[in-house]
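Here is how names work: the chains are called A, B, and so on, in the same order as the sequence lines, proteins then strands, and each is numbered from 1. When reading the values below, keep in mind they use all heavy atoms of this one structure, side chains included, and skip hydrogens, waters and symmetry mates.
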2 protein chains.
Amino acid sequence: MTRRTVPKSEETRRRILAAALTVFRERGFQNATMREIAAAAGVAVGAAYYYFDSKDALVMAFYEQAQDEMAPELERILSASHTIEQRLRGIIGQKLAYFAPNRALVGALTAHIDPAHPLSPFSTATAPIRNRDLAFFERAVAESKLRLPASILPYLPRLLWLYQMGLVLFWVYDCSPQQGRTGMLFDKTLRMMRMAFKLAELPPLRPLFRPAGELLRAIYGEV
Amino acid sequence: MTRRTVPKSEETRRRILAAALTVFRERGFQNATMREIAAAAGVAVGAAYYYFDSKDALVMAFYEQAQDEMAPELERILSASHTIEQRLRGIIGQKLAYFAPNRALVGALTAHIDPAHPLSPFSTATAPIRNRDLAFFERAVAESKLRLPASILPYLPRLLWLYQMGLVLFWVYDCSPQQGRTGMLFDKTLRMMRMAFKLAELPPLRPLFRPAGELLRAIYGEV
DNA sequence: TTATTATTTTGAACACGTTCAAATAGAATG
DNA sequence: CATTCTATTTGAACGTGTTCAAAATAATAA
C-alpha cells in the first residue's frame with residue numbers, strides 16, 4: 001500500500017501522482033508508461049512503485065483525491081435539496097461534472113468488474129471508498145420521506161449506488177456529442193424513478209413487493 | 001484474425017486451442033503463459049500468434065466453439081417450450097450448465113466492458129457472435145404471445161440478452177456453494193418478470209409505458 | 001560528533017504478451 | 001524435374017508492468 005509518514009515524502013508522492021495524471025491525460029491511460037510517469041516526476045521507476053502499488057493504483061489514488069475534493073459540494077447538495085430526485089440529480093450530476101475533464105481516466109477505474117481484483121468497485125479492498133460513497137446515498141434516502149415497504153427500503157441506497165455506477169459506466173463510453181445520450185438517460189431514468197415511487201404507493205403494485213424483497217435479500221444478504 | 005485455409009493447418013489450430021484450454025483450466029487464465037500454451041501444443045510461441053491474435057482471442061475462440069456446440073440444444077429448447085419464461089429458463093440454464101466446467105474462463109471473457117475493446121461483448125468486433133446469441137432471444141420473444149406496447153416490445157430481445165449477460169456475470173463471480181445464489185437470483189427474477197408481464201396488461205402501469213419507450217429509444221436508438 | 005537504524009531512491013533484471021524477419025515446408029507453375 | 005510463390009513455423013528481440021538488492025539519504029541514539 002501507499003506509505004505516508006513524514007510530510008517530506010508526501011510531497012514526492014504528490015509529485016508522482018500529479019505527473020501520472022498529466023501523462024494519462026496527454027497520452028491516455030493505456031499508452032502511458034510507468035517510465036514516462038517516473039521521468040515526468042523526476043524520479044526512478046522504483047520510486048513510483050514505492051508510493052503506489054501499481055499503475056492502476058495511481059488511478060485509484062486519483063479517485064480518492066476526487067472523493068475528498070467533492071465531499072463539501074456533495075454536502076451542500078444534500079442540505080440544499082429535499083426530494084430524492086433532486087438529490088440524485090445533484091449528487092450524480094456533480095460527479096459527472098467533476099470527472100468530465102478526466103472522463104477517459106474514469107474508464108480505467110470502471111474496467112475491473114471482478115470483485116476479487118483489488119481495484120474493482122466491488123472488491124473488499126475498495127470497500128472504504130465505496131462505503132464513503134454509499135453514505136451519501138444513505139443520507140439522500142433517509143432524510144427524504146419515501147414510502148416504501150420495509151423489505152425494500154433498506155436496500156434502496158445500495159440500489160441507487162448501483163444506478164450511479166451504471167450511469168457513470170454508460171457515460172464513460174458515451175461517444176455522443178457532449179455525452180448527450182447520457183444526459184437523456186439520466187433525465188428519463190430519474191423521471192421513471194419518480195413515477196415508480198409514486199406507483200409503489202398504489203395497491204396494484206403490491207404483489208411485486210414480496211418477490212422484490214426476496215430478490216434483494218438473495219442478492220445482498222440479510223437485513 | 002484467424003486464417004483458416006487448408007484442413008492441414010486447421011488441425012494445428014485446433015491443437016493450439018485445445019492446449020490453451022487445458023492450460024487455462026489447470027493454471028487459470030491469468031497465470032497461464034503463451035509460452036506454456038505453445039509448449040503444450042508442441043509449437044513455438046509465434047505459431048500460436050499465427051492462428052490467434054492474442055491470448056484473449058483464445059478465450060473468444062472457446063466461446064465461438066461453445067456457441068456452435070450449444071446451438072442444437074438451444075434449438076431443441078425453443079421448440080420444446082412455449083412461454084417466454086420456460087424459454088429463458090431453458091436457454092440461460094443451458095448456457096450456465098454448459099459453461100460450468102469452465103466458469104472461471106468465462107470470467108476472462110466478461111472482463112472487458114469497454115465497447116472499444118475488440119473482445120468486449122459490446123464491441124463491433126464481437127457483433128456477429130452477439131447477434132447470433134441475440135437471435136435466440138428474438139425467436140423466444142417473437143414466437144411467444146406477449147402483450148406489450150409497440151414502443152417497448154422491439155427492445156425486449158436486447159433487454160433479455162442484457163439480463164442474460166448480467167446473470168452470467170453474477171454467476172461467474174458467485175462464490176456461494178454450487179453457485180446457489182445465482183440459482184435463487186435466476187428463479188426470483190424470472191418469477192418477477194412473469195408478474196411484470198402480467199401487470200403490464202393492467203391500466204395502472206400504463207403511465208410508465210411512454211417514458212419507458214423513450215428511455216429505450218434513448219439507449220438503443222431508433223426502431 | 002559518530003554509530004546505528006529507518007526511510008527513501010535507484011536502476012538493472014525479470015516475466016510476460018506480442019512482433020517480426022528469417023527459415024522451412026508445401027503447392028503451383030514452367 | 002527445377003523454380004517460384006505461398007503458407008506455415010521458428011525463436012530472438014521488443015516494450016511493458018513490476019520486483020528487488022543495493023545505494024543514498026535522513027532520523028535517531030550514543
Can you tell me how far [atom2] of [N] sits from [atom1] of [X], to the nearest Å?
X        : N       : atom1 : atom2 : result
Glu10(B) : dT8(D)  : CD    : P     : 10 Å
Glu11(A) : dT9(C)  : CD    : P     : 10 Å
Arg13(A) : dT9(C)  : CZ    : C1'   : 17 Å
Phe52(B) : dT19(C) : CZ    : P     : 15 Å

Ser120(A) (side chain) donor-acceptor with Ala116(A) (main chain) under 3.5 angstrom: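 No, because the side chain of Ser120(A) does not come within donor-acceptor range (under 3.5 Å) of the backbone of Ala116(A).
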
So, does Arg217(B) use its side chain to make a donor-acceptor pair with the main chain of Gly221(B) at under 3.5 Å?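 Absent.
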
So Phe186(A) and Tyr163(A), would you call those rings parallel, tilted or perpendicular, with 30° and 60° as cut-offs?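 Tilted: the ring planes of Phe186(A) and Tyr163(A) meet at 30° to 60°.
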
Between Asp56(B) and Ala44(A), just flag the one whose closest nucleotide in DNA chain C comes earlier from the 5' side.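 So the residue in question is Ala44(A).
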
Salt-bridge contact [X]-[Y] (side-chain N to carboxylate O under 4.0 Å):
X         : Y         : result
Arg14(B)  : Glu11(B)  : no
Glu143(A) : Arg87(A)  : yes
Glu64(B)  : Arg132(B) : no

Under a 4.0 Å heavy-atom cut-off, which of residues 17-37 of chain B touch DNA chain C?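 Correct list: Ala32(B), Thr33(B), Met34(B), Arg35(B).
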
Using a cut-off of strictly less than 4.0 Å between a heavy atom of the residue and any atom of DNA chain C, enumerate the qualifying residues of residues 113-123 of chain A by number.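 Here the set is empty: none.
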
Pairing donors with acceptors under 3.5 angstrom, does anything connect the side chains of Tyr63(A) and Asp133(A)?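 Yes, because at least one side-chain N or O of Tyr63(A) sits under 3.5 Å from a partner of the opposite role on Asp133(A).
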
Between the side chains of Ser9(B) and Thr12(B), does any donor sit under 3.5 Å from an acceptor?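 Not at all, the side chains of Ser9(B) and Thr12(B) share no donor-acceptor pair under 3.5 Å.
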
Dump the pairs, protein N or O against N or O of nucleotides 19-23 of chain D, anything under 3.5 Å, distances to one decimal.
none

Excluding sequence neighbours, so at least two apart, what forms ring-ring contact (aromatic ring centres under 6.0 Å, His included) with Phe136(A)?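 Once residues adjacent in sequence are excluded, Phe136(A) has no partner under the ring-ring contact (aromatic ring centres under 6.0 Å, His included) criterion.
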
Tyr173(B): which residues meet the ring-ring contact (aromatic ring centres under 6.0 Å, His included) condition with it, sequence neighbours left out?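 For Tyr173(B) there are no ring-ring contact (aromatic ring centres under 6.0 Å, His included) partners, ignoring immediate neighbours.
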
Ser9(B) side chain near dT8(D) phosphate (N/O to OP1/OP2, under 4.0 Å):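 Indeed, a polar side-chain atom of Ser9(B) lies that close.
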
Can you list the residues that meet the side chain to side chain contact (heavy atoms under 4.5 Å, CB included) rule with Gln30(B), with sequence neighbours excluded?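 Not a single residue meets the side chain to side chain contact (heavy atoms under 4.5 Å, CB included) criterion with Gln30(B).
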
Where the side chain of Tyr50(B) is defined as all heavy atoms beyond and including C-beta, which of dG17(D), dA7(D), dT8(C) is the nearest nucleotide?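 Among dG17(D), dA7(D), dT8(C), the one nearest the side chain of Tyr50(B) is dA7(D).
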
Taking the side chain of Thr12(B) as heavy atoms from C-beta outward, which of dT10(C), dT18(D), dT9(D) is closest to it?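 Ranking dT10(C), dT18(D), dT9(D) by closest atom to the Thr12(B) side chain puts dT9(D) first.
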
